[in-house]
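Structure, as structure tokens:
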Protein chains: 2
Amino acid sequence: MLRLTKRSEYGLMALAFMAQSGQSYTSVREIVAKLRIPRRLLAEVLKDLSRAEIVEAVRGPGGGYRLTSPADQLSLARIVEILEGSVAVAKCADGSSCDLSPSCTIQEGINLVAQRVKSVLDDFTLAQLADRGPQGSQSVHEVAV
Amino acid sequence: MLRLTKRSEYGLMALAFMAQSGQSYTSVREIVAKLRIPRRLLAEVLKDLSRAEIVEAVRGPGGGYRLTSPADQLSLARIVEILEGSVAVAKCADGSSCDLSPSCTIQEGINLVAQRVKSVLDDFTLAQLADRGPQGSQSVHEVAV
DNA sequence: TGAATGGGCACTAAATAGATGCTATATTCT
DNA sequence: AGAATATAGCATCTATTTAGTGCCCATTCA
């Protein structure tokens, strides 16, 4: 339905929280306490972000996650791609040609649309997302470098 | 996954086909023969488009559907909205506030993203979509007025 | 050693999307 | 009138995707 999944929502919420918090490491427990989202699911999401090196993890007491790069250098496209595979508007717009309909005439156009949607996400950074929250407009850009 | 449903895909394919064909009325049978998509599903889609007055229907031999307005005056946003309810990138971006997380800080940002994605679809017309097909660059703009 | 914290794996449940069957109604043609 | 062509409506079934959970392991630190 042209909609982001919960994984993306949760991931973005968590990352924005980290960007805003200013702490060095933020644990799943803390995020869950603040954002009220399913603990285990958030853990899955953060694990994926950790694998993709969007965040780095430290175990043990005092541990948790932190961003590996400045929030203004992290695009939503990157995050969403990691969390839901791709941002393709249609299956035929991710490279795999539209085998279903050899005579489909809209593929080229759809691809263009897909590209534009992608650009929107490419151009939107985590910092921009976080800046608009309640604690926004502070120091999101320099956090967690 | 930020993806259009089959309903939208089929709808767009069919509408583009109609825009390109130059015929007055195009039947489901003809479209199916050409595009190889599930007949009954396409019928559902066209019925919805008919209800929304994107196309008008005529029954009986020689009947079928035709666009009610020029292809260059029909945005993808309009079509997609009809076929899948809305184009909201997140549930909290369609008016209904994000009740799940009172402390969600990204709502405002997500809304902005949603708006931009919407713009992409608002600015892309059926004519643009159809023009890129094999029979493109002809007379799509003046068809079926 | 024990408490805190992430990592991995497998699984269930819920929601959404895709597809189809059947019958009714309108229109045209013979 | 009757047959053929088309869309309209409704219900339903299935498949796929998404959401959410349980359990145990590994690491770190006091």
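Order of the sequence lines fixes the chain letters, A, B, ..., with proteins taken first and strands second; residue numbering starts at 1 for each chain.
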Subject >> Closest contact, heavy atoms only, B:Arg66 versus B:Ser24 >> reply: CB-O, 2.8 Å
**OP:** Figure out the CZ/C1' separation between A:Arg3 and D:dT17, and round it to whole Å.
**Re:** 14 Å
**OP:** Specify the residue among A:Gly64 and B:Arg7 whose closest nucleotide of DNA chain C lies further upstream toward the 5′ end.
**Re:** A:Gly64
**OP:** Measure the distance from CD1 on B:Ile37 to P on C:dT20 and round it to the nearest whole Å.
**Re:** 12 Å
Subject >> Residue of the set A:Asp48, A:Leu67, A:Leu74, A:Thr26 for which side-chain contact (heavy atoms from CB on, under 4.5 Å) holds with A:Val55 >> reply: A:Leu67
**OP:** Could you state the atom-to-atom distance from CG of A:Leu41 to C1' of C:dT12 in whole Å?
**Re:** 14 Å
**OP:** Let me know the distance between CD of A:Glu84 and P of D:dT17, rounded to the nearest Å.
**Re:** 13 Å
Original post:
Looking for any heavy atom pair under 4.0 Å, which part of the strands does B:Arg51 touch: base, sugar-phosphate only, or nothing?
Top reply: sugar-phosphate
Original post:
OP1 or OP2 of D:dG20 sitting under 4.0 Å from any side-chain N/O of A:Tyr10?
Top reply: yes
Subject >> Nearest-nucleotide pick for A:Lys47, side chain only, options being D:dA19, D:dG9, C:dC9 >> reply: C:dC9
Original post:
To the nearest angstrom, how far is B:Leu42 atom CG from D:dG9 atom C1'?
Top reply: 16 Å
**OP:** Find the distance B:Glu44:CD to C:dG18:P and express it as a whole number of Å.
**Re:** 13 Å
Original post:
Phosphate oxygens OP1/OP2 of D:dA8: is one of them under 4.0 Å from a side-chain N or O of B:Ser50?
Top reply: yes
Original post:
Quick check: does any side chain N or O of A:Gln73 sit under 3.5 Å from a backbone N or O of A:Pro70, one acting as donor and the other as acceptor?
Top reply: no
Subject >> Phosphate OP1/OP2 of C:dA4: any A:Ser27 side-chain N/O under 4.0 Å >> reply: no
**OP:** Taking only the side-chain nitrogens and oxygens of B:Tyr25, find out if one of them lies under 4.0 Å from OP1 or OP2 of D:dT5.
**Re:** no
What nitrogen or oxygen pairs link the protein and nucleotides 26-30 of chain C at under 3.5 Å?
from	atom 1	to	atom 2	distance (Å)
C:dA26	O4'	B:Arg59	NH1	3.1

Subject >> Residue B:Tyr65, side-chain atoms from C-beta onward, closest of D:dA8, C:dT20, D:dT21 >> reply: D:dA8
Original post:
Quick one: which of C:dT5, D:dG9, C:dG7 gets closest to the side chain of A:Arg29?
Top reply: C:dT5
Original post:
Got a donor-acceptor contact below 3.5 angstrom from the A:Glu84 side chain to the A:Thr5 backbone?
Top reply: yes
Subject >> Taking every non-hydrogen atom, the tightest pair across B:Ser86 and A:Arg3 >> reply: OG-NH2, 4.2 Å
Original post:
To the nearest Å, how far apart are B:Glu9 CD and C:dA17 P?
Top reply: 13 Å
Original post:
Is there side-chain contact between B:Val87 and B:Val117, with heavy atoms separated by less than 4.5 Å?
Top reply: no
Original post:
Is a donor on one side and an acceptor on the other found under 3.5 Å between the side chain of A:Ser8 and the backbone of A:Val80?
Top reply: no
Original post:
Would you call B:Glu44 and B:Lys47 a salt bridge, taking side-chain N to carboxylate O under 4.0 Å as the test?
Top reply: yes
**OP:** Send over the distance from B:Arg66 CZ to D:dA6 C1', rounded to a whole Å.
**Re:** 16 Å
**OP:** Would you indicate which nucleotide in D:dG20, D:dA8, D:dT21 comes nearest to any side-chain atom of A:Lys6?
**Re:** D:dG20
